[in-house]
Amino acid sequence: AQTVTQSQPEMSVQEAETVTLSCTYDTSENNYYLFWYKQPPSRQMILVIRQEAYKQQNATENRFSVNFQKAAKSFSLKISDSQLGDTAMYFCAFFVNAGNMLTFGGGTRLMVKP
Amino acid sequence: EPEVTQTPSHQVTQMGQEVILRCVPISNHLYFYWYRQILGQKVEFLVSFYNNEISEKSEIFDDQFSVERPDGSNFTLKIRSTKLEDSAMYFCASRTPGGPDNEQFFGPGTRLTVL
């Protein structure tokens, strides 16, 4: 079974600064997919960024980038130039075809301060 | 852009009553999912559905739960006799086989309150 751990329950950052959210996972699978989802107060689940395990290059989406360390089973999210609208819960999630389900971490509540 | 829709957005029910939560997945998607999020907790997998049958289910998904795809568009989650602890946000998701990185598209959720 896969597990996903987010060790930071809450974080805060000043507007325009950079913040990194941590995620580690445990699996015996070799090919899998990792995601970061954002959940604002509306509780909608919004995909922020995704990474396939066999791709060595770290994914980037505008101000969002990941640091994927496969050997360490680490998948951190970096948010650059933080904006007030980035305030939300962030969930790291793991998917493997054999399991056909997303396994989520416990989430990190991010507060961006003006 | 196509999206997953869910109805109702909020359902209030009495303990012991049956509820049906409805979802319309994206039309060309073939895998369908239900997830649950109790307030303040993480999102938990309930069940996946493919080719008109359950493909995976979690320990949470006991005999009180069932899923159905009654027609070509709707995907429903039924809770037969609701308990207080069923109060949660329920998310439907769908994906297409071979889609980019197997991304699952989530609906906006149904907030279920059991009194």
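In the text below, chain A, chain B and the rest are named by the order of the sequence lines, each starting its count at 1. Values in this document were obtained by computation on a predicted structure and should not be read as measured data.
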So if you build clusters from Ile, Leu, Val, Met, Phe, Trp, Tyr with side-chain heavy-atom gaps below 4.5 Å, do B/I54 and B/L30 land together?
no
Residues of residues 21-28 of chain B contacting chain A, heavy-atom criterion under 4.5 Å, by residue number
none
Heavy-atom count check: over 12 atoms from other residues, nucleotides or ligands less than 6.0 Å from A/K78 NZ?
no
Hydrophobic cluster identity match, A/V66 and A/M11, side-chain contacts under 4.5 Å
yes
Selection from A/G105, A/A93, A/G107 maximising heavy-atom pairs under 4.5 Å formed with chain B:
A/G105
Neighbour count >12 (heavy atoms, 6.0 Å) for atom NZ, A/K70
yes
Non-hydrogen atoms of chain B under 4.5 Å away: do they reach the side chain of A/L47, the backbone, both or neither?
side chain
State plainly whether one hydrophobic cluster holds both A/V112 and A/W36, where clusters connect Ile, Leu, Val, Met, Phe, Trp and Tyr through side-chain heavy atoms under 4.5 angstrom apart.
yes
Contact part of B/Y35 toward chain A, heavy-atom cut-off under 4.5 Å: side chain, backbone, both or neither?
side chain
What residues of residues 108-115 of chain B make heavy-atom contacts with chain A at a cutoff under 4.5 angstrom?
B/P108, B/R111
Is the number of heavy atoms from other residues, nucleotides or ligands within 6.0 Å of CZ (A/R43) greater than 12?
yes
Checking heavy-atom separations under 4.5 Å from chain A, one finds in residues 79-92 of chain B B/M89, B/F91
Which bit of B/F105 comes within less than 4.5 Å of chain A, counting heavy atoms only: side chain, backbone, both or neither?
neither
Check whether B/L46 gets within reach of chain A through its side chain, its backbone, both or neither, counting any heavy atom under 4.5 Å.
neither
Residues that, via side-chain heavy atoms closer than 4.5 angstrom, fall in one hydrophobic cluster with B/I20:
none
Within the structure provided, determine whether A/M89 and B/V43 are in side-chain contact (heavy-atom separation under 4.5 Å).
no
Are the aromatic ring centres of A/Y37 and B/F106 under 6.0 angstrom apart?
yes
Polar contact flag, side-chain donor to acceptor under 3.5 angstrom, A/N100-B/Y50:
no
For B/Q37 and A/F91, the nearest pair of non-hydrogen atoms, with its separation, is NE2-CZ, 3.4 Å
Around atom CG of B/D63, are there more than 12 heavy atoms from other residues, nucleotides or ligands closer than 6.0 Å?
no
Using 0.5 Å steps for rounding, measure from the CZ atom of A/F35 to the CD atom of B/Q104.
7.0 Å
Same apolar cluster: A/V96 and A/F68, side chain cutoff 4.5 Å:
yes
Please round to the nearest 0.5 Å and tell me the distance separating atom CD of B/E44 and atom OG1 of A/T103.
11.0 Å
Might you confirm whether atom CG of B/D62 has over 12 heavy atoms from other residues, nucleotides or ligands at distances under 6.0 Å?
yes
Do A/F95 and A/M45 land in one hydrophobic cluster if side-chain heavy atoms of ILVMFWY residues count as linked below 4.5 Å?
yes
Quick check on A/Q39 against chain B: is it the side chain, the backbone, both or neither that has a heavy atom closer than 4.5 Å?
side chain
Is there side-chain contact between B/Y31 and A/M101, with heavy atoms separated by less than 4.5 Å?
no
